[in-house]
Structures are given as structure tokens and as C-alpha cells.
Amino acid sequence: MKQSQPPQIKVQTIDVGEVDRFNPRHRIYVRKTDGVWSQLRRRMGWVMMLLFLVMPWRRWDDRQAVLFDLGKRQFHLFELTIWPQDLILVALLFVMAAFGLFFITTFLGRVWCGYMCPQSVWTFIFIWFEEQIEGARNKRIALDKAPWSFNKLWRKSAKHSAWVAVALLTSLTFLSYFNDAPQLYQDFFTGNASFTVYFWGLFFTAATYGNAGWMREIMCLHMCPYARFQSVMFDRDTYIVGYNRERGETRGPRGRKQDPKQLGLGDCIDCNLCVQVCPTGIDIRNGLQYECINCGACIDACDEVMTKMNYSKGLISYTTERNLEGGSSKVVRPKLLGYGGALAVILISFLVLLTQLSPLQLDILRDRNSLFRYNDAEQLENVYTLKLINKTQQPQTLQLTLEGLPGHQWLGEQQIQLAPAELLSLPISIAIAPEQIPKSIVDVRFVVTNLDSGAKISEPSRFFGEK
Ligand code: SF4
Ligand code: SF4
């Protein structure tokens, strides 16, 4: 049986090998495309940007709906509050995200990079401002080559001002996930924010401006680790952006009315548009390359050319290595099933843990100094500290009781009110006449009853005495 081989991804390509991307003279001037995939990418980008901007302003009861309160070590997600004790949920979320990425990459290649990665989304937003202010690709190239003039000065100033404004907004929005948003903006712009807020605010502004404005594809090509290990997840049935070499070659220019077959040509007219629209500056006709982020811009550009030439679309398309070789691709395959199965198991575990999250947590700490003591009434007494956490956003009225020690006396508060998200340490004692204790170590259970809902939780402990 023929063994399935992963596709060969070139790690040395003409672009990276011959062009120094750190040299400003080798800047990529991305040409605008307007096809199906570009529009999808743009819409997804705007929706994600909008969600990112709006979410910190959404209120939930008297607090922010999504707030990672590092000071109080509580993560609020709408109704849910995650405490340090529940961090397993956060860990599972990260593992789920990793397996989700593996699954999507095996199935659809690097669509995450092309459509949803913040680096790509912000880069496309910055390019959009560049186009609005400096014009289309050819005008931008001409402007950069032209000597300094008033026209060049105001356009460059306007572009960089817009970039800085977007970067600052991005930075403050990001910080709003860790601070109360209205307070943060008020403090930031009135000079009352802390040094930490100013430091991180300016740091993230500079990072966004540098990454999306200047670094762009350099981040993807030289700094992103994901680009390097993606080939492990690819197989011959993974959807990639591919050029149909058999149909396209031999490439060459021709008139619209000329028959390419008579000229000995394939369908590629060698217009180079697929290269001009590529945000990473590669030529997809050279085969699958690790720089390709599966954004589909070259598909749109080429489809437009094919339509103008009256050829059928799809010379460049989302396809698989197997399809390009004339075979038929399988969707269901062991690697995909493996990632999908692991993802399902983690998702189910996450949901089960989520349903088991208690609105209240009780921990019992015994007095470490003595196992027991005799009090003034000659009773045997054990001292405990009950740690209670109200994990909800509503107050809770609680009744505390002890089971397993008939005849005991509860010394301390037995009915308490917990404020939303309150953590309370409550010292109490349990006392009993020596003749009533059945043995020297008694297994007991502390029970907490919510007087409003009737819900109960309990924790085991021990009562020590002498017999
Ligand atoms: S856009 Fe299409 S026709 Fe033009 S060079 Fe690229 S592959 Fe060839
Ligand atoms: S080759 Fe095509 S799909 Fe890949 S990054 Fe460039 S434009 Fe996007």
C-alpha cells in the first residue's frame, strides 16, 4: 500500500533567501484585492476588532462582564467567576485552544494565520489606513520614491498619526480587560493612572505600532514559532492555497483573443498580480511555502484575471496536495480523527468541570498549636478556621452546622452573610463534655446550607479528645 507522505514545505524560498526583509528598500507594497476571500477576511477582521473593542464596556450586574482581576486573582466571564482554585478550567481552555488549532491546521492549513491571527488582522487594518491616506499600491511606491514635499509630509504624518491612534486604542482596550474600563480611560487621560498602567499602555502602543505598521510579515516569517512547526500537522489532504501548475504552465503574456494552445501556453498570463497582493510577498507559483498564511488574496487576484481573460476560475485555489497530483482527497483520516477526538475529550471534561463548579467553597483548617484543650466549662474543645468563598455575584445567607458529634456545642457565629465574591475566614470552636465523646478521634463533617436556595456543601474533618 502506498504510504501517505506529508507535503514538502520549502523552508528556503526565493523571497527569504534572496530578499532581506529587514531592509526598508525591500518593503512589500500590498495591492488591494476585492474577491470573495478578501471580503470574508476583511469582514471577519472587522467583527473581531469590534468584539475586542466593545467587550470591556459590557457590564454585568455592577461590574465588567469580562474582567481578569489580577489583584484579586479572580477572572470574571459574565456570570462565571473563576478563582485560583478553579485554574484547572483555564488550563483546559488553553489545551483546548491548542488542540483546536492543531485540528483546524490539519484540516484547513494556516487559515488561523490568514483570517484570525491578531498580527494579520491588525496588519490589514494598518494597510487599510495606508491605502486611504497614501492611495493604491502604485501611488504608494511613487510617494516613497518621491523627494520630500508638502504632499508627502502631510500624507506620511496623517498615516502615522492614524497608526498611533489605532495602536493606543488597541493598547487601552487590551488593558481594559485587566482594569475597570471607564476608570482606566479617565485615569489615563487625566494623568491619574499608576506607573504600571502608563508603562504597559505605552509598551503595547509601541508594540502594536511597530508590529502592524513596520514589522508586518517579518513577524510571521522570522518570529512566529507556529509557522515553523505547522508542517508537522500538514498532510497531503490538508487544504492549502495551491497553483495548478499543469493548467498554468507554460506561463506567458498573450492577447485576450489569442488561443493559448496555439501559442504553446498554459492559462497563467504571468501578470504577477498574485505576487503583488500577497501580504508576505511570495510567489505561490513556486509551490507550497512556509511563508504562505492561507489568506486567499492570490486566489481572488487570479480569479479576477481569469474572468477578464474568459478562462475558468481556480488556477490558484484552496486545494490539497493530493488533488493537485490528480488524486481525490479524504476528509476523514486518522490524524484528523486523533486531533478531533482529543479535542472532544477535553471539551467534555471542561463542560463536566464547569457544571460541577460550586457557587460556594468551604475549606477547614484545624488549629495547628494543639489537638484539643479544656475550656473554662471543663469541656473538650477543638479550634477550627472555616474559609468560605462566595463564588457568585449575589450575597448568600448561610447556616453552619456540624454532623457526626452528638451533644456538641458550637462556639462562634453559626449564621453568616457573605457578600458577592467575598472570602471569609471564620474562627470557631466545637466543644463537648468529655464523657459524651465516643472515642479519642471522631470523624465529623461541617455542613454549610444556603438559607435562600437550600443548597448544601460539606467538608470532612476530625474532632480530637481523650478517652
Ligand atoms: S495572477 Fe494568475 S495569471 Fe497572473 S501571474 Fe498569478 S497565477 Fe498567473
Ligand atoms: S501566497 Fe496567496 S494565500 Fe499565501 S500568503 Fe500569499 S496571497 Fe496569501
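The chain is numbered in sequence order, starting from 1. Whatever order the structure lists ligands and atoms in, that order sets their numbers, starting from 1.
Contact annotation: for Ile316 versus ligand 2, there are no heavy atoms closer than 4.0 Å. Contact annotation for Arg251 and ligand 1: no heavy atom of the residue comes within less than 4.0 Å of the ligand. Using a 4.0 Å cut-off between heavy atoms, Val241 contacts ligand 2 through its side chain alone, with no backbone atom that close. Only the backbone of Asp270 comes within 4.0 Å of ligand 1, counting heavy atoms alone; no side-chain atom from C-beta on gets that close. With a 4.0 Å cut-off on non-hydrogen atoms, Val275 does not touch ligand 1 at all.
Looking only at side-chain heavy atoms (C-beta outward), Ile104 and Met116 stay at 4.5 Å or farther from each other. Under the 4.5 Å side-chain criterion, counting only non-hydrogen atoms from C-beta, Phe107 is in contact with Val331. Side-chain contact between Thr106 and Asp235 is present, with heavy atoms from C-beta onward closer than 4.5 Å. Leu184 places none of its side-chain heavy atoms less than 4.5 Å from the side chain of Phe189. Contact check for Met219 versus Cys224: no side-chain heavy atoms found under the 4.5 Å cut-off.
Nearest protein heavy-atom contact of atom 3 (S) of ligand 1 is Ile269 N, 3.4 Å. If you check which protein heavy atom lies closest to atom 8 (Fe) of ligand 2, you get Cys295 SG, 2.3 Å. Remark: minimum distance from atom 2 (Fe) of ligand 2 to any protein heavy atom is reached at Cys298 SG, 2.3 Å. Among protein heavy atoms, the minimum distance from atom 4 (Fe) of ligand 2 is reached at Cys292 SG, 2.4 Å. Counting protein heavy atoms only, atom 5 (S) of ligand 2 is closest to Ile293 N, 3.4 Å.
At a cut-off of 2.8 Å, Cys268 is not counted among the residues with an N, O or S atom near atom 4 (Fe) of ligand 1. For a distance bound of 2.8 Å, the N, O or S atoms of Cys302 include one lying that close to atom 2 (Fe) of ligand 1. Under 2.8 Å from atom 4 (Fe) of ligand 2 lies no N/O/S atom of Cys278, from backbone or side chain alike.
Taking a cut-off of under 4.0 Å to the non-hydrogen atoms of Met306, the atoms of ligand 1 that pass are 3 (S). Here is the list of ligand 1 atoms found below 4.0 Å of a heavy atom in Cys274: 1 (S), 5 (S), 6 (Fe), 7 (S). Proximity to Gly296 (heavy-atom distance under 4.0 Å) selects the following atoms of ligand 2: 3 (S), 8 (Fe).
A centroid separation of 6.0 Å or more is found between the aromatic rings of Tyr239 and Tyr318. Under the 6.0 Å cut-off for aromatic ring centres, Phe204 and Trp200 qualify, their centroids lying closer than that. Between Phe174 and Phe52, the ring centre distance reaches or exceeds 6.0 Å.
Ligand 2 lies nowhere less than 4.0 angstrom from a heavy atom belonging to Val277.
In this structure, Arg27 satisfies the cation-pi test against Tyr29, with its NZ or CZ atom closer than 6.0 Å to the six-membered ring centre and inside 45 degrees of the ring normal.
The one candidate from Asn450, Thr392, Leu418 that meets the side chain to side chain contact (heavy atoms under 4.5 Å, CB included) condition with Leu360 is Leu418.
Between Tyr339 and Phe102, the ring planes are tilted. Angles from 30° to 60° get that label.
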